[in-house]
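We count ligands from 1, going down the list as the structure has it; atoms in each ligand are counted the same way.
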Amino acid sequence: MWYFYSTNLSMTMGNISSILEQSSFSHSDLEQLLQYEGDEKLLLFRKGGDVKEMFVGNKVYFRGLIEFSNVCDKDCYYCGIRRSNLSVRRYNLTDSEILDAARFADENKFGSVVLQSGENSSQTFADRIGNLITQIKQLSNGRLGITLSVGEQTELVYRRWFEAGAHRYLLRIETTNPLLYRKIHPNDRLHNFSNRLDCLHSLKAIGYQTGTGVMIGLPFQTVSDLANDLLFFQQFGIDMVGMGPYIEHSETPLYAFRHELLPIQERFDLSLKMIAVLRILMKDINIAAATALQAIDPLGREKGIKVGANIIMPNITPGLYRNDYSLYENKPCVDEEPAQCKGCLDARIALANGEIGYGEWGDSIHFVNSKKKG
Ligand code: SAM
């Protein structure tokens with residue numbers, strides 16, 4: 001059972017056009033937009049693409065994704081690398097493997113890298129990331145922008161990494177409904193909704209370009225939840241969003257609810273609608289076309305770009321380890337080496353009428369504008 005409102009929306013194109021012309025959107029407008037099908041849905045997608053072209057242009061920026069470790073202290077009910085999944089082969093790249101991947105990104109003019117891993121809040125981890133940031137800046141002569149996505153940390157640690165040179169941070173809130181958050185995480189100190197929210201506030205206060213996101217199509221999630229997620233992004237003044245479909249993993253507790261999920265193709269479609277609506281709502285932010293889109297549709301990320309996304313995170317983790325960072329099933333490109341991955345993306349972005357911003361950071365215009373406003 002999917003928890004969408006069962007309203008039969010027999011709306012005309014006139015309805016959607018008038019909503020799309022508005023300069024602000026209520027919760028109920030957003031709910032409606034997320035439920036359009038057929039021609040109205042196509043109109044929504046086209047509008048998302050048009051708004052993107054008008055406000056951030058047709059450039060797509062790369063963030064070379066280095067999934068450097070799947071060792072995780074957390075036990076999220078949806079995630080394949082959760083601590084309790086004993087069948088995962090745990091890995092931790094060496095510093096020199098991470099630096100090689102960063103060098104690859106620099107030499108291939110990716111502009112930026114993302115360091116992502118399972119969660120670890122030890123001092124050793126904080127020191128290691130701090131050193132890696134310094135070394136990545138050194139090896140690229142300051143050229144590479146650095147995004148971190150290594151979970152919840154203390155404000156002190158976030159500040160230290162910012163001072164070392166990281167300037168963007170991605171921490172998905174996963175869902176902004178605290179009750180749903182409770183259902184998809186263990187109820188303990190390590191999985192606390194308010195703490196995750198506090199982390200986002202700290203990151204913003206420190207001066208990071210702050211990114212968050214949600215999973216789309218979770219069990220127990222409603223369209224009203226998703227509309228609230230969009231309003232949260234707007235009210236928070238988020239600079240970047242990475243959101244994508246929830247994809248079940250057989251070795252996680254949420255797998256028990258797989259029969260209640262929206263069919264996979266509908267989750268994919270809903271994710272595209274979320275991207276298009278978010279682009280219309282927050283015109284100048286950076287929106288990533290999540291890898292999970294491509295796990296469902298071979299052209300998933302390109303479709304995300306067409307309806308409003310402007311960031312792609314090509315996986316540049318050495319091929320040997322890719323299989324072991326399996327958050328969900330059917331993860332794409334796990335058997336490719338980074339060089340193959342790049343060649344493939346050139347062609348893919350051209351297909352989506354995009355142009356790759358080689359060698360550029362592609363910072364969030366929203367961030368730059370809000371700094372100017374002070
Ligand atoms: N540990 C860091 C954190 O918590 O932010 C980063 C790594 S975490 C594995 C990256 C993201 O993967 C999560 O924020 C979550 O949204 C996503 N993810 C995990 N399991 C997923 C699933 N089954 N389907 C879709 N996305 C999933």
Side-chain angles (χ1 to χ4, degrees), residues 63 65-85 88 90-92 114-122 125 129 147-153 157-158 161 166 168-176 180-181 184-186 190-193 195-200 202-203 208 210-219 221 229 240-258 261-262 264 267-268 270-271 274 288-296 300-301 304 313 315 317 321-322 324-332:
R63 313 279 183 246
L65 177 62
I66 311 173
E67 294 165 334
F68 66 91
S69 170
N70 65 357
V71 179
C72 193
D73 288 347
K74 289 213 169 178
D75 226 3
C76 310
Y77 292 157
Y78 45 84
C79 185
I81 61 166
R82 63 196 298 268
R83 187 184 62 220
S84 298
N85 185 2
V88 175
R90 302 288 166 175
Y91 72 87
N92 197 347
V114 182
L115 295 184
Q116 191 179 81
S117 72
E119 218 153 296
N120 182 329
S121 50
S122 69
F125 184 79
I129 300 295
T147 306
L148 298 177
S149 175
V150 292
E152 292 165 47
Q153 307 285 341
V157 169
Y158 284 149
W161 291 343
R168 305 186 194 110
Y169 205 104
L170 190 57
L171 184 77
R172 282 189 177 180
I173 191 75
E174 316 297 1
T175 169
T176 58
L180 177 56
Y181 192 91
I184 62 172
H185 295 100
L190 260 188
H191 304 80
N192 184 295
F193 179 77
N195 193 47
R196 205 145 176 104
L197 200 54
D198 289 347
C199 285
L200 282 174
S202 300
L203 291 163
Y208 280 97
T210 307
T212 193
V214 294
M215 282 175 287
I216 299 159
L218 284 162
Q221 190 178 43
D229 293 339
M240 348 183 270
V241 171
M243 57 184 174
Y246 161 69
I247 302 177
E248 59 275 31
H249 188 297
S250 59
E251 281 154 349
T252 60
L254 275 199
Y255 197 63
F257 299 96
R258 65 191 174 284
L261 297 172
L262 204 60
I264 193 85
R267 260 177 277 163
F268 176 82
L270 188 56
S271 303
M274 282 287 282
T291 313
L293 288 171
Q294 202 191 334
I296 300 179
R301 285 185 302 190
M313 293 163 58
N315 197 332
T317 311
Y321 302 101
R322 299 243 193 123
D324 299 319
Y325 199 83
S326 46
L327 311 178
Y328 44 80
E329 277 157 0
N330 222 356
K331 198 167 166 230

Exercise. Measuring from the heavy atoms of Ala292, does anything fall under 4.0 Å of ligand 1?
Worked result: no

Exercise. Which of the atoms of ligand 1 are close to Tyr325, meaning less than 4.0 Å from one of its heavy atoms?
Worked result: 7 (C), 9 (C)

For this session: Over all heavy atoms of both residues, which pair between Leu261 and Leu218 is shortest? Give the atoms and the distance, please.
Result: CD2-C, 4.1 Å

For this session: Of the side chain and backbone of Pro245, name the one, both, or neither that has a heavy atom under 4.0 Å from an atom of ligand 1.
Result: backbone

Exercise. Which heavy atom in Arg172 sits nearest to a heavy atom in Gly242, and how many Å separate them?
Worked result: NE-O, 2.8 Å

For this session: Report the nearest protein non-hydrogen atom to atom 10 (C) of ligand 1: residue, atom name, distance rounded to 0.1 Å.
Result: Gln116 NE2, 4.0 Å

Exercise. Which pair of non-hydrogen atoms, one from Val150 and one from Leu115, has the smallest distance, and what is that distance?
Worked result: CG1-O, 3.7 Å

Exercise. Do any N/O atoms on Ile81 end up under 3.5 angstrom from N/O atoms on ligand 1?
Worked result: no

Problem set entry | Residue and atom name of the nearest protein heavy atom (relative to atom 20 (N) of ligand 1), distance in Å to one decimal | Tyr78 CD1, 3.4 Å

Problem set entry | Close approach, Ser117 and ligand 1, non-hydrogen under 4.0 angstrom | yes

Exercise. Heavy atom under 4.0 Å from ligand 1: found in Tyr169's side chain, backbone, both, or neither?
Worked result: neither

Problem set entry | For atom 3 (C) of ligand 1, the option (of Glu152, Arg196, Arg172, Glu248) bearing the nearest heavy atom | Arg196

Seminar exercise, completed: The ring pair (Phe, Tyr, Trp, His ring centres under 6.0 Å) partners of Tyr325 (sequence neighbours excluded) come to none

Exercise. How far is atom 22 (C) of ligand 1 from its nearest protein heavy atom, and which residue and atom is that?
Worked result: Ile247 O, 3.5 Å

Exercise. Between Tyr169 and Tyr158, is the gap from one ring center to the other below 6.0 Å?
Worked result: yes

Problem set entry | Set of residues satisfying ring pair (Phe, Tyr, Trp, His ring centres under 6.0 Å) with respect to Tyr181, sequence neighbours excluded | His185, Phe193

Problem set entry | Shortest non-hydrogen separation from Gly118 to Ile81 and the atoms involved | CA-CD1, 4.4 Å

Exercise. Which of the atoms in ligand 1, numbered in the order shown and given with their element, are less than 4.0 Å from a heavy-atom of Ser149?
Worked result: 2 (C), 6 (C)

Seminar exercise, completed: Tightest non-hydrogen contact, residues Arg267 and Pro245, listed as O-CB, 4.3 Å

Exercise. For Glu119, is the nearest heavy atom under 4.0 Å from an atom of ligand 1?
Worked result: yes

Exercise. What is the closest protein heavy atom to atom 11 (C) of ligand 1, and at what distance does it sit?
Worked result: Leu327 CD1, 4.4 Å

For this session: With atom 27 (C) of ligand 1 as the reference point, say which of His249, Glu174, Met215 has the nearest heavy atom.
Result: Met215

For this session: Report yes if the side chains of Tyr328 and Met215 come closer than 4.5 Å at any heavy-atom pair, otherwise no.
Result: no

